[in-house]
Amino acid sequence: MSPYEVCPAETRDARAIAEIHAAAARAAYQGLVPDDQLDALVAPGTREAKWRQAIEFAEPQVLVAVQGDQVVGFVGFDRSRDPKTPPTTGEIWALYVHPDHWGKGVALQLWDAATEGLEDEGCTTVSAWVPLRNERALNFFEHQVGFKRDMKTAKTTALNSTVRIEEVRLKRTLG
């Protein structure tokens, strides 16, 4: 039995989600983004309002993984934001786990719960945008949950006014 439980996020979880988002991004992008830019990028204060609004309006739908009363990870998912995609295409908008809980199955539990939610919404395929240099995320999506890279979608994305990363869309069938 897993020590983690996945449940819908509540507005009170927004701060914990923002802190996890920042901690996981810092660990994932260390060495990929210059330190001064990384500090600006991962400031949790700028993320809390975003996640509070997402939870309140369910856009995206947000689930949290908790251990006891501590939020240790989260996933945001909904219909794909990509233009010209059919309404049966879902998207993992974000999936982050606090680095202290990496490698313990939390991301897989969040993925399973998001998959169930997407299937309930009638989605038959799912996509995720992943930074090309984030080997940990690429490994998770490709080797642990079966996504395939769509290399013709590689693009440069601005994370803020100074930080840009190369991303690629990954896709897989649900069900």
Side-chain angles (χ1 to χ4, degrees), residues 2-82 90-118 126-141 145 156-167 170:
S2 172
Y4 304 102
E5 178 186 351
V6 175
C7 54
E10 298 180 16
T11 53
R12 69 173 186 237
D13 297 325
R15 180 182 241 358
I17 290 169
E19 290 171 354
I20 290 165
H21 197 172
R26 175 174 296 287
Y29 296 117
Q30 192 73 44
L32 300 179
V33 174
D35 287 343
D36 60 329
Q37 294 177 1
L38 186 60
D39 290 341
L41 178 67
V42 300
T46 60
R47 297 171 190 258
E48 184 177 351
K50 173 191 169 199
W51 286 111
R52 183 177 311 286
Q53 183 177 7
I55 294 164
E56 286 176 6
F57 295 102
E59 191 175 340
Q61 297 175 61
V62 182
L63 303 174
V64 292
V66 295
Q67 183 178 40
D69 61 357
Q70 179 185 13
V71 176
V72 299
F74 71 95
V75 62
F77 64 94
D78 216 322
R79 304 276 180 196
S80 175
R81 296 171 287 179
D82 294 330
E91 180 181 350
I92 300 298
W93 291 25
L95 196 161
Y96 288 87
V97 174
H98 192 281
D100 292 346
H101 296 271
W102 284 358
K104 297 180 180 179
V106 179
L108 280 172
Q109 283 187 253
L110 288 164
W111 159 251
D112 288 343
T115 298
E116 187 177 311
L118 289 168
V126 61
S127 66
W129 285 94
V130 178
L132 279 169
R133 294 177 61 196
N134 187 336
E135 292 299 323
R136 182 178 224 28
L138 288 169
N139 179 61
F140 173 78
F141 280 106
V145 294
T156 301
T157 300
L159 297 180
N160 63 22
S161 61
T162 59
V163 179
R164 299 186 185 296
I165 59 166
E166 297 294 319
E167 289 184 307
L170 286 71

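Throughout, residue positions are numbered sequentially from 1 according to the sequence presented.
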Q: Can you name the nearest heavy-atom pair linking Trp102 to Val97, along with the distance?
A: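 Scanning both residues completely, I find the closest heavy atoms to be NE1-O, 2.7 Å.
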Q: Return yes when atom CD of Glu166 has more than 12 non-hydrogen atoms of other residues, nucleotides or ligands closer than 6.0 Å, and no otherwise.
A: yes
Q: Do Trp51 and Phe74 have ring centres separated by under 6.0 Å?
A: yes
Q: Just verifying a value: how many Å separate Ile17 CD1 and Arg47 CZ, rounded to the nearest 0.5 Å?
A: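 Atom-to-atom, Ile17:CD1 and Arg47:CZ are 12.5 Å apart.
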Q: May I ask you to test the Val6-Asp112 pair for a side-chain heavy-atom distance under 4.5 Å?
A: no
Q: Calculate, to the nearest 0.5 Å, the distance between atoms SG and CG belonging to Cys7 and Asp13 respectively.
A: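 Here the interatomic distance stands at 7.0 Å.
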Q: How would you list all residue pairs meeting side chain to side chain donor-acceptor pair (under 3.5 Å) that involve residues 129-141, not counting sequence neighbours?
A: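 Qualifying pairs, neighbours excluded: Asp82-Trp129.
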Q: With sequence neighbours excluded, what pairs up with His98 under the side-chain hydrogen bond (donor to acceptor under 3.5 Å, both in side chains) test?
A: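 Partners of His98 by the side-chain hydrogen bond (donor to acceptor under 3.5 Å, both in side chains) criterion come out as none, since no residue qualifies.
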Q: Side chains of residues 58-70: which donor-acceptor partners sit under 3.5 Å, not counting sequence neighbours?
A:
none

Q: For Gln30, give me all partners under side-chain hydrogen bond (donor to acceptor under 3.5 Å, both in side chains), at least two apart in sequence or on another chain.
A: Asp35
Q: Is the number of heavy atoms from other residues, nucleotides or ligands under 6.0 Å of Glu116 CD greater than 12?
A: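 Result for CD/Glu116: open.
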Q: What is the distance from atom CG of Leu95 to atom CZ of Phe77, rounded to the nearest 0.5 Å?
A: 10.5 Å
Q: Taking ring pair (Phe, Tyr, Trp, His ring centres under 6.0 Å) as the test, write out the residues that go with Phe141, two or more places apart.
A: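 Partners of Phe141 under the ring pair (Phe, Tyr, Trp, His ring centres under 6.0 Å) test: Phe147.
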Q: How long is the gap from CD on Glu48 to OG1 on Thr11, to the nearest 0.5 Å?
A: 10.5 Å
Q: Give the minimum heavy-atom separation between Ile55 and Ala9, together with the two atoms involved.
A: CG2-O, 3.6 Å
Q: Of all heavy-atom pairs between Gly73 and Leu110, which one has the smallest distance, and what is that distance?
A: C-CD1, 3.8 Å
Q: Does a side-chain heavy-atom distance below 4.5 Å link Ile92 with Leu118?
A: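 Ile92 reaches Leu118 side chain to side chain.
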Q: Does anything in residues 90-106 pair up under salt bridge (charged side-chain N to carboxylate O under 4.0 Å, His left out), and if so which pairs, sequence neighbours excluded?
A: Arg81-Glu91
